[in-house]
Q: 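The structure's right below; bear with me while I get my questions together.
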Amino acid sequence: LERQGVLMNGHRIAYALGVEVTTYKGKRQVAHSGSTGGYSTHLTRFPELKLSIAVLCNGSNSNPTALALRLVDEIAGPLPAPPAPDTVAMPVAELQKRVSLWRDEATHLSAQTLIESGALRVAGGALLHPLRDGSFLAAAGPIMWQFELTADGKPVRARRRGPDSDQHFIAESPWVPSAAELEAFTGDWHSDEAEASFTFAIENGQAMLKQRPATRELLRPLYRDHFGPLQGGGSVIWFTRDANGVSTMHIGASRMRDMPFTRVSR
């Protein structure tokens, strides 16, 4: 159960068979967290310390992982602090070269890097601290970002490397579709697999996804042929084309990748 997975590129990840195998302050940890329907949990085991902790919370706004690690510090501490990351100073002009709108190659979901108070940040997420080796540490880790630039300093690709996954991003340009471009997506779309239908409509110049009886989701253009929810993220809608034009609508979310819908009427 504790044998860690290995990706196709040879990178060993933290995720094993239903548990994550990591370290915390130098101690081997076998753990997993979970949440749904208004509860959140964390179960962790430290074999060297002969210590197991389970945290069960009747609320989705809690942080059971942080609570479990606080208990580890209280019971087994003081544990040595991890070594400080080898961060370096980087001029804002250099940080600016990593600012972009990004499309995840696998999921099509969007991410964005921006400059805030002279520092590089993932929009809605962590500060990115430049390291001596050219990569960036997200907050206190363990997530790492790497950026690929052109010879003249334009962002092209990015890689987000975590303990249990590698994500690859492509730099994209923001998209402001014309009325004619939006009109090409309108109509009713159906998935036999999902047994569901949606209508892509334009109301007052605003793209909208509708589903009977009352679902109305305002959309914002992301990059060419891609839309996200007007507020927040976590889902994406995009369109692909064949020789006759727009042919398929795709829907993706954090735990669903590429559900295709075919047009049944305009």
Side-chain angles (χ1 to χ4, degrees), residues 1-24 26 28-35 42 44 65 69 82-83 85-88 90 94-95 97-114 119-150 153-173 222-224 226 228 232-238 240 250-259:
L1 291 176
E2 297 177 15
R3 185 171 65 245
Q4 293 166 272
V6 179
L7 301 182
M8 295 288 287
N9 62 9
H11 174 51
R12 183 177 297 278
I13 61 175
Y15 212 89
L17 297 179
V19 291
E20 288 189 325
V21 182
T22 59
T23 59
Y24 175 69
R28 187 169 182 268
Q29 176 181 208
V30 182
H32 208 293
S33 59
S35 62
H42 189 80
T44 184
T65 301
L69 295 178
D86 191 14
T87 57
V88 295
M90 183 174 286
E94 280 297 310
L95 296 176
K97 296 176 182 179
R98 281 83 177 170
V99 169
S100 183
L101 180 64
W102 303 96
R103 173 174 57 85
D104 187 309
E105 281 190 285
T107 67
H108 290 253
L109 290 166
S110 66
Q112 187 174 7
T113 46
L114 47 83
L120 186 65
R121 179 186 288 277
V122 178
L127 283 173
L128 300 181
H129 306 287
L131 301 178
R132 195 172 303 278
D133 65 2
S135 60
F136 289 74
L137 181 70
I143 303 297
M144 305 284 290
W145 282 75
Q146 297 170 311
F147 297 93
E148 179 184 331
L149 309 177
T150 62
K154 302 294 185 184
V156 179
R157 304 179 70 86
R159 178 185 183 188
R160 180 187 183 274
R161 186 169 185 171
D164 57 2
S165 66
D166 264 8
Q167 290 176 269
H168 297 267
F169 295 89
I170 297 175
E172 295 281 4
S173 299
L222 296 172
Y223 20 81
R224 181 167 176 78
H226 287 67
S235 62
V236 62
I237 297 166
W238 73 97
T240 51
H250 308 258
I251 297 181
S254 60
R255 295 190 176 185
M256 180 188 73
R257 185 181 299 180
D258 194 1
M259 177 69 73

Q: Output all residues satisfying ring pair (Phe, Tyr, Trp, His ring centres under 6.0 Å) with His250, sequence neighbours left out; order by chain, then residue number.
A: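 In terms of ring pair (Phe, Tyr, Trp, His ring centres under 6.0 Å), with neighbours along the sequence ignored, His250 is linked to Trp238.
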Q: Is any side-chain heavy atom of Ile251 closer than 4.5 Å to one of Met256?
A: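 In contact.
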Q: Under the side chain to side chain contact (heavy atoms under 4.5 Å, CB included) rule, collect the residues that match up with Leu7, sequence neighbours excluded.
A: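 Side chain to side chain contact (heavy atoms under 4.5 Å, CB included) list for Leu7, sorted by chain: Asn9, His11, Ile13, Asp166.
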Q: Of all residues at least two apart in sequence or in a different chain, which pass the side-chain hydrogen bond (donor to acceptor under 3.5 Å, both in side chains) check with Ser173?
A: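 Checked Ser173 against side-chain hydrogen bond (donor to acceptor under 3.5 Å, both in side chains); zero matches.
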Q: Residues in side chain to side chain contact (heavy atoms under 4.5 Å, CB included) with Asp133, at least two apart?
A: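 Leu131, Ser135.
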Q: Partners of Thr22 by side-chain hydrogen bond (donor to acceptor under 3.5 Å, both in side chains), sequence neighbours excluded?
A: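 Partners of Thr22 by the side-chain hydrogen bond (donor to acceptor under 3.5 Å, both in side chains) criterion, ordered by chain and then number, come out as Gln29.
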Q: Considering non-hydrogen atoms only, spot the tightest contact between Ala119 and Leu127 and give its length.
A: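 In this case the closest contact between Ala119 and Leu127 is CB-CD2, 3.8 Å.
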Q: Who are the side-chain hydrogen bond (donor to acceptor under 3.5 Å, both in side chains) partners of Trp102, not counting sequence neighbours?
A: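 Partners of Trp102 by the side-chain hydrogen bond (donor to acceptor under 3.5 Å, both in side chains) criterion, ordered by chain and then number, come out as Thr113.
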Q: With Arg157, which residues qualify under salt bridge (Lys or Arg N to Asp or Glu O under 4.0 Å), at least two apart?
A: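 Expected list: Glu105.
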Q: Quick one: pull up CG in Leu69 and OG1 in Thr44 and give me the separation to the nearest 0.5 Å.
A: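 With rounding to 0.5 Å, CG (Leu69) is 6.5 Å from OG1 (Thr44).
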Q: When rounded to the nearest 0.5 angstrom, what distance separates CG in Asp258 from OG1 in Thr240?
A: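 It is 8.0 Å, given to the nearest 0.5 Å.
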Q: How about Leu1: does its CG atom have over 12 heavy atoms from other parts shown lying under 6.0 Å from it?
A: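 Counting neighbours around CG of Leu1, 12 or fewer heavy atoms of other residues, nucleotides or ligands fall under 6.0 Å, so no.
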Q: Using a 4.5 Å cut-off on heavy atoms from C-beta on, say whether the side chain of Trp145 contacts that of Phe169.
A: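 Of all side-chain heavy-atom pairs linking Trp145 with Phe169, at least one is under 4.5 Å.
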Q: Taking side chain to side chain contact (heavy atoms under 4.5 Å, CB included) as the definition, give me every residue that meets it alongside Leu109, ordered by chain and number, with sequence neighbours left out.
A: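 Listed in chain order: Thr107, Val236.
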Q: Compare all side-chain heavy atoms of Pro155 with those of Thr150 and state whether any distance is below 4.5 angstrom.
A: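 Counting from C-beta outward, Pro155 and Thr150 never come under 4.5 Å.
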Q: State, to 0.1 Å, how close Ala16 and Glu2 come at their nearest heavy-atom pair, and which atoms those are.
A: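 Looking at all heavy atoms of both residues, the shortest contact is CB-C, 3.6 Å.
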Q: List the atom of Ile143, the atom of Gly162, and the distance in Å for their closest heavy-atom pair.
A: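 Of all heavy-atom pairs spanning Ile143 and Gly162, the closest is CD1-CA, 3.6 Å.
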Q: Please tell me if the side chains of Val21 and Arg28 come closer than 4.5 Å, counting only heavy atoms from C-beta onward.
A: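 Answer yes - side chains close enough.
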Q: Please tell me if the side chains of Leu128 and Arg121 come closer than 4.5 Å, counting only heavy atoms from C-beta onward.
A: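 A side-chain contact under 4.5 Å is absent here.
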Q: Does a salt bridge link Glu148 with Arg98, judged by any charged N lying under 4.0 Å from a carboxylate O?
A: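 The answer is no: the pair does not qualify as a salt bridge.
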Q: Can you tell me how far apart CG (Leu137) and OG1 (Thr87) are? Round to the nearest 0.5 Å.
A: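 Reported to 0.5 Å precision, the distance equals 8.5 Å.
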Q: What's the separation between atom CD in Glu94 and atom CG in Leu120, rounded to the nearest 0.5 Å?
A: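 It is 11.5 Å, given to the nearest 0.5 Å.
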Q: Kindly write out the residues that satisfy ring pair (Phe, Tyr, Trp, His ring centres under 6.0 Å) with His168, not counting sequence neighbours, or none if the list is empty.
A: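 His168 satisfies ring pair (Phe, Tyr, Trp, His ring centres under 6.0 Å) with no other residue.
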Q: Give, for atom CE of Met144 and atom CZ of Arg159, the distance between the pair rounded to the nearest 0.5 Å.
A: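 Separation between the atoms: 10.5 Å.
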Q: Given side chains that start at C-beta, do those of Val99 and Lys97 come closer than 4.5 Å, heavy atoms only?
A: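 Side-chain contact under 4.5 Å: no.
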Q: Holding to side-chain hydrogen bond (donor to acceptor under 3.5 Å, both in side chains), I want the full list of residues that pass it with Thr65, two or more places apart in sequence or in another chain.
A: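 Expected list: His42.
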Q: Search all heavy atoms of Ala158 against all heavy atoms of Phe147 and return the closest pair with its distance.
A: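 Taking every non-hydrogen atom into account, CB-CD2, 3.8 Å.
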Q: Check whether the side chains of Tyr223 and His108 place a donor and an acceptor atom closer than 3.5 Å, and report yes or no.
A: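 No, no side-chain donor-acceptor pair sits under 3.5 Å.
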Q: Test of understanding: with side chain to side chain contact (heavy atoms under 4.5 Å, CB included), list the residues that count as partners of Arg3, not counting sequence neighbours.
A: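 Result, side chain to side chain contact (heavy atoms under 4.5 Å, CB included) vs Arg3: none returned.
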Q: Could I get the full list of salt bridge (Lys or Arg N to Asp or Glu O under 4.0 Å) partners for Arg103, not counting sequence neighbours?
A: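 Here the qualifying residues are Glu172.
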Q: I would like to know whether Leu149 and Val156 meet side chain to side chain contact (heavy atoms under 4.5 Å, CB included); could you show each step before the answer?
A: CA-CA 5 Å; Leu149 309 177; Val156 179; 5.9 Å; no
